[in-house]
Amino acid sequence: MEKHEISIERISYPMPCSIVGVKVNGKPNFLTVAWFSMVNFKPPYIGIALNTIHYTNPGIQESGTFSVNIPSSDMVEITDYCGIVSGRKYDKAKSFEIFYGKLKTAPMIQECPYNLECKLIQTVKLVSNELYIGEIVAAYSDEQYLTNGIPDMKKVNPIVLSMPDTKYFKVGEYLGQAREIGKKLISKKD
Ligand SMILES: Cc1cc2nc3c(=O)[nH]c(=O)nc-3n(C[C@H](O)[C@H](O)[C@H](O)COP(=O)(O)O)c2cc1C
């Protein structure tokens, strides 16, 4: 079958949605971020790619901290809202119950099932974006979202963003256990 060459813009597909929390000018602010990923195993580092135009960015440099909060699917409207209005004009923090952890300066969202508290390690300046790499110093969740002490994706029920058509989805069906299901093929190929 012949491949079609398609647009190279916004190719990440699909992506989980987060709401990043930062103190800006001494006040908590939140913005939606889909471009985030683990970038180091030990110690655990997470990277968030923010456009340089955002109100939030100077707050990360100033406080040296940020949080990554994972909203559940029933928070889709507020997640979208945090991604379409700026802290320059709107007080997004008043939509949430906020708590602080060990670092004291990274605002986190109580309503989100899963919260990561991060200390800024490195800023990589790219062309239109800045990649903020933070060490995860603590992770928080509620009993109702855990199975055997770890966040359970079915219970957390995260939001997935499809790109480049910018549509929100829930996570679909379980396929199998990673690093297990492929083992069947090892003996076949050897
Ligand atoms: C679903 C969604 C995902 C987004 N992901 C990112 C992202 O990964 N990086 C980014 O810089 N902006 C992203 N944005 C845009 C910012 O969240 C948005 O511009 C926000 O209003 C900036 O807030 P601030 O001005 O208060 O900093 C996203 C927006 C939406 C709706």
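Everything quoted here is computed from the prediction, not taken from an experiment. Residues: numbered from 1 along the sequence shown. Computed over heavy atoms, backbone and side chain alike; hydrogens, waters and symmetry mates excluded.
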To the nearest 0.5 Å, tell me how far [X] [atom1] sits from [Y] [atom2].
| X | Y | atom1 | atom2 | result |
| --- | --- | --- | --- | --- |
| N29 | S86 | CG | OG | 7.0 Å |
| L120 | E62 | CG | CD | 12.5 Å |
| K27 | I98 | NZ | CD1 | 11.5 Å |
| L131 | I133 | CG | CD1 | 4.5 Å |
| T79 | I84 | OG1 | CD1 | 11.0 Å |
| E9 | M163 | CD | CE | 10.0 Å |

Determine whether [X] and [Y] fall in the same hydrophobic cluster, where Ile, Leu, Val, Met, Phe, Trp and Tyr are linked whenever their side-chain heavy atoms lie under 4.5 Å apart.
| X | Y | result |
| --- | --- | --- |
| I78 | F99 | no |
| W35 | V124 | no |
| F169 | Y13 | no |
| V68 | V22 | yes |
| L116 | V156 | yes |

(request) Find out whether Y55 and L31 are in side-chain contact, i.e. whether some heavy atom of one side chain is under 4.5 Å from a heavy atom of the other. (result) no
(message) I'd like to check V171 versus P158 (side-chain heavy atoms, cut-off strictly below 4.5 Å). Are they in contact?
(response) yes
(message) Just to verify, what does S63 make a side-chain hydrogen bond (donor to acceptor under 3.5 Å, both in side chains) with, not counting sequence neighbours?
(response) T65
Hey, can you pull the donor-acceptor pairs under 3.5 Å for the side chains in residues 173-182, sequence neighbours left out?
unit_1	atom_1	unit_2	atom_2	d
Y174	OH	Q177	N	3.4
E180	OE2	K183	NZ	3.0

Expected output: side-chain [X] to main-chain [Y] donor-acceptor under 3.5 Å:
| X | Y | value |
| --- | --- | --- |
| S72 | N157 | no |
| K155 | L146 | yes |
| S67 | P107 | yes |
| S18 | I70 | no |
| S141 | P113 | yes |
| N69 | M108 | no |
| T32 | D80 | no |

(message) Can you confirm whether or not the ring centre of F66 sits under 6.0 Å from the ring centre of Y132?
(response) no
Quiz: residues 36-51 side-chain donor-acceptor pairs under 3.5 angstrom, not counting sequence neighbours:
unit_1	atom_1	unit_2	atom_2	d
N40	ND2	K42	O	3.3
N40	ND2	P43	O	2.8
N51	OD1	I53	N	3.1

Scan [range] for pairs that pass salt bridge (Lys or Arg N to Asp or Glu O under 4.0 Å), counting only residues two or more places apart or in two chains.
| range | answer |
| --- | --- |
| residues 132-152 | none |
| residues 84-101 | none |
| residues 115-132 | K125-E130 |

In terms of heavy-atom contacts, does [atom1] of [X] have more than 12 from other residues, nucleotides or ligands at under 6.0 Å?
| X | atom1 | value |
| --- | --- | --- |
| L126 | CG | yes |
| Y114 | OH | no |
| Y140 | OH | yes |
| M153 | CE | no |

(request) Provide the closest heavy-atom pair for Y81 versus S95 in the form atom of the first, atom of the second, distance. (result) CE2-OG, 4.0 Å
(message) Quick check: closest heavy atoms across C112 and M75, and the distance to 0.1 Å?
(response) SG-CE, 3.7 Å
(request) Among S73, C17, S162, find the residue that satisfies the side chain to side chain contact (heavy atoms under 4.5 Å, CB included) test when tested with Y168. (result) C17
